[in-house]
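Whatever order the structure lists them in is the order used to number ligands and atoms, beginning at 1. Here the structure is a predicted model, which is why all the values come from computation and not from measurement.
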Amino acid sequence: MFNIDLDLVRKYDKPGPRYTSYPTAPQFHEGFTAENYIDEIIRTNNADNPPDLSLYFHIPFCDTLCYFCGCNMIVSRNRDRIKEYVNAVKNEIDLLRTYLKPDRKVAQLHWGGGTPTHLMPDEIHDLVSYINQNFEFVDKPENGCEIDPRELNLRSPKSITRRWF
Ligand code: SF4
(Lines give C-alpha, C1' and ligand atoms only; values in the text may rest on other atoms or scores of the structure.)
Protein backbone atom coordinates (compact mmCIF):
# COMPACT_ATOMS: atom_id res chain seq x y z
CA MET A 1 0.00 0.00 0.00
CA PHE A 2 1.14 3.53 -0.57
CA ASN A 3 -0.36 6.88 0.24
CA ILE A 4 -1.61 9.17 -2.46
CA ASP A 5 -1.65 12.88 -1.75
CA LEU A 6 -5.08 13.77 -3.11
CA ASP A 7 -4.49 17.48 -2.58
CA LEU A 8 -1.49 17.25 -4.86
CA VAL A 9 -3.51 15.32 -7.46
CA ARG A 10 -6.27 17.97 -7.33
CA LYS A 11 -3.71 20.76 -7.60
CA TYR A 12 -2.38 19.45 -10.92
CA ASP A 13 -5.63 18.04 -12.27
CA LYS A 14 -6.04 20.85 -14.77
CA PRO A 15 -4.95 21.55 -18.33
CA GLY A 16 -1.52 23.11 -18.75
CA PRO A 17 0.40 24.44 -21.74
CA ARG A 18 2.35 22.08 -23.94
CA TYR A 19 5.78 22.30 -22.42
CA THR A 20 7.85 20.56 -25.08
CA SER A 21 9.58 23.85 -25.71
CA TYR A 22 10.33 26.96 -23.75
CA PRO A 23 8.94 29.54 -24.20
CA THR A 24 5.85 27.44 -24.83
CA ALA A 25 4.16 27.57 -28.23
CA PRO A 26 1.42 30.10 -27.27
CA GLN A 27 4.17 32.61 -26.42
CA PHE A 28 5.18 32.78 -30.09
CA HIS A 29 2.86 35.24 -31.81
CA GLU A 30 3.07 38.10 -34.28
CA GLY A 31 2.69 40.62 -31.47
CA PHE A 32 6.29 39.94 -30.43
CA THR A 33 8.41 40.96 -33.42
CA ALA A 34 12.07 40.58 -34.34
CA GLU A 35 12.51 44.22 -33.29
CA ASN A 36 10.99 43.45 -29.88
CA TYR A 37 13.44 40.57 -29.54
CA ILE A 38 16.43 42.83 -30.23
CA ASP A 39 15.03 45.52 -27.91
CA GLU A 40 14.78 42.92 -25.16
CA ILE A 41 18.41 41.85 -25.65
CA ILE A 42 19.52 45.48 -25.45
CA ARG A 43 17.32 46.15 -22.42
CA THR A 44 18.80 43.20 -20.52
CA ASN A 45 22.33 44.15 -21.68
CA ASN A 46 21.82 47.52 -20.02
CA ALA A 47 20.40 46.21 -16.76
CA ASP A 48 22.43 46.95 -13.62
CA ASN A 49 23.17 43.29 -13.33
CA PRO A 50 22.73 41.73 -16.79
CA PRO A 51 21.31 38.22 -16.34
CA ASP A 52 23.17 35.14 -17.53
CA LEU A 53 22.08 33.62 -20.82
CA SER A 54 20.05 30.52 -21.53
CA LEU A 55 20.60 29.19 -25.04
CA TYR A 56 18.29 26.80 -26.83
CA PHE A 57 19.31 25.09 -30.07
CA HIS A 58 16.52 23.51 -32.05
CA ILE A 59 17.64 20.63 -34.27
CA PRO A 60 14.45 19.78 -36.13
CA PHE A 61 15.48 16.51 -37.81
CA CYS A 62 14.44 12.95 -36.99
CA ASP A 63 15.22 9.61 -38.53
CA THR A 64 11.62 8.41 -38.40
CA LEU A 65 8.28 9.83 -37.28
CA CYS A 66 6.77 8.84 -33.92
CA TYR A 67 3.00 8.63 -34.20
CA PHE A 68 2.45 10.76 -31.08
CA CYS A 69 4.81 13.52 -32.23
CA GLY A 70 3.67 17.12 -31.79
CA CYS A 71 7.09 18.71 -32.27
CA ASN A 72 8.36 21.09 -34.89
CA MET A 73 10.39 18.55 -36.86
CA ILE A 74 10.92 16.93 -40.23
CA VAL A 75 12.06 13.45 -41.13
CA SER A 76 15.22 13.76 -43.20
CA ARG A 77 18.33 11.76 -43.97
CA ASN A 78 19.50 14.33 -46.46
CA ARG A 79 22.89 15.25 -44.99
CA ASP A 80 23.27 18.28 -47.29
CA ARG A 81 20.02 19.68 -45.99
CA ILE A 82 21.07 19.05 -42.39
CA LYS A 83 24.48 20.65 -43.00
CA GLU A 84 22.76 23.68 -44.52
CA TYR A 85 20.66 23.99 -41.36
CA VAL A 86 23.70 23.73 -39.08
CA ASN A 87 25.34 26.52 -41.08
CA ALA A 88 22.19 28.64 -40.71
CA VAL A 89 22.34 28.13 -36.93
CA LYS A 90 25.96 29.29 -36.96
CA ASN A 91 24.88 32.39 -38.92
CA GLU A 92 22.27 33.07 -36.26
CA ILE A 93 24.94 32.84 -33.58
CA ASP A 94 26.94 35.46 -35.50
CA LEU A 95 23.88 37.70 -35.69
CA LEU A 96 23.07 37.28 -32.01
CA ARG A 97 26.66 38.03 -31.03
CA THR A 98 26.39 41.48 -32.61
CA TYR A 99 23.69 42.39 -30.09
CA LEU A 100 24.76 40.57 -26.93
CA LYS A 101 27.13 42.27 -24.54
CA PRO A 102 30.40 40.29 -24.76
CA ASP A 103 30.71 39.64 -21.03
CA ARG A 104 27.31 37.94 -20.64
CA LYS A 105 27.89 34.29 -19.84
CA VAL A 106 25.81 31.23 -20.60
CA ALA A 107 24.31 29.49 -17.57
CA GLN A 108 21.98 27.10 -19.41
CA LEU A 109 22.39 25.31 -22.72
CA HIS A 110 19.79 23.03 -24.19
CA TRP A 111 19.62 21.12 -27.47
CA GLY A 112 16.15 19.97 -28.45
CA GLY A 113 14.27 18.91 -31.50
CA GLY A 114 13.56 16.91 -33.38
CA THR A 115 16.46 14.75 -32.35
CA PRO A 116 19.82 16.48 -31.85
CA THR A 117 21.54 13.10 -31.94
CA HIS A 118 20.32 12.69 -35.51
CA LEU A 119 23.31 14.91 -36.32
CA MET A 120 26.45 12.99 -37.14
CA PRO A 121 29.33 13.26 -34.63
CA ASP A 122 31.28 15.65 -36.87
CA GLU A 123 28.21 17.87 -37.25
CA ILE A 124 27.71 17.92 -33.47
CA HIS A 125 31.37 18.66 -32.96
CA ASP A 126 31.28 21.45 -35.52
CA LEU A 127 28.33 23.19 -33.85
CA VAL A 128 29.60 22.66 -30.30
CA SER A 129 32.98 24.12 -31.27
CA TYR A 130 31.26 27.11 -32.81
CA ILE A 131 29.20 27.68 -29.67
CA ASN A 132 32.28 27.40 -27.49
CA GLN A 133 34.17 29.89 -29.66
CA ASN A 134 31.36 32.41 -29.40
CA PHE A 135 30.15 32.17 -25.84
CA GLU A 136 31.67 32.09 -22.42
CA PHE A 137 30.10 29.84 -19.82
CA VAL A 138 29.59 30.17 -16.10
CA ASP A 139 31.29 27.67 -13.88
CA LYS A 140 29.19 24.47 -13.97
CA PRO A 141 26.51 25.48 -16.50
CA GLU A 142 23.33 23.44 -16.83
CA ASN A 143 23.47 21.41 -20.05
CA GLY A 144 20.74 19.30 -21.61
CA CYS A 145 20.32 17.37 -24.82
CA GLU A 146 17.37 15.38 -26.12
CA ILE A 147 18.44 12.02 -27.52
CA ASP A 148 16.81 9.19 -29.40
CA PRO A 149 17.68 6.05 -27.42
CA ARG A 150 17.25 3.98 -30.57
CA GLU A 151 20.43 5.60 -31.90
CA LEU A 152 22.58 4.95 -28.85
CA ASN A 153 24.25 1.89 -30.33
CA LEU A 154 24.58 3.37 -33.79
CA ARG A 155 26.43 6.58 -33.17
CA SER A 156 27.43 6.31 -29.55
CA PRO A 157 26.18 9.76 -28.52
CA LYS A 158 27.29 8.91 -24.99
CA SER A 159 30.89 9.35 -26.00
CA ILE A 160 29.95 12.46 -27.96
CA THR A 161 28.13 14.07 -25.07
CA ARG A 162 30.90 13.12 -22.67
CA ARG A 163 33.32 15.14 -24.78
CA TRP A 164 30.74 17.84 -25.15
CA PHE A 165 29.64 18.37 -21.57
S1 SF4 B 1 11.84 11.60 -31.77
FE2 SF4 B 1 10.64 13.30 -30.85
S3 SF4 B 1 10.63 14.91 -32.39
FE4 SF4 B 1 11.26 13.02 -33.44
S5 SF4 B 1 9.37 12.15 -34.28
FE6 SF4 B 1 9.67 11.23 -32.26
S7 SF4 B 1 8.54 12.54 -30.82
FE8 SF4 B 1 8.79 13.68 -32.74
Exercise for review: Name the closest protein heavy atom to atom 2 (Fe) of ligand 1, giving the residue it belongs to and the distance to 0.1 Å.
Suggested key: G114 O, 4.4 Å

Exercise for review: Taking all heavy atoms of D63 and all of V75, pick out the closest pair and write down the distance.
Suggested key: O-CG1, 3.3 Å

Review point. Around atom 6 (Fe) of ligand 1, how many protein N, O or S atoms are there at under 2.8 Å?
Key: 1

Check your understanding: Between W111 and F57, what is the ring plane arrangement, given parallel below 30°, perpendicular above 60°, and tilted in between?
Key -> tilted

Check your understanding: Is a donor on one side and an acceptor on the other found under 3.5 Å between the side chain of E146 and the backbone of T115?
Key -> no

Check your understanding: Hey, what do you get for CG (N134) to CG (D94), rounding to the nearest 0.5 Å?
Key -> 6.0 Å

Review point. Roughly how far, to the nearest 0.5 Å, is CD1 of I147 from NE2 of H118?
Key: 15.0 Å

Exercise for review: Under the ring-ring contact (aromatic ring centres under 6.0 Å, His included) rule, collect the residues that match up with F61, sequence neighbours excluded.
Suggested key: Y85

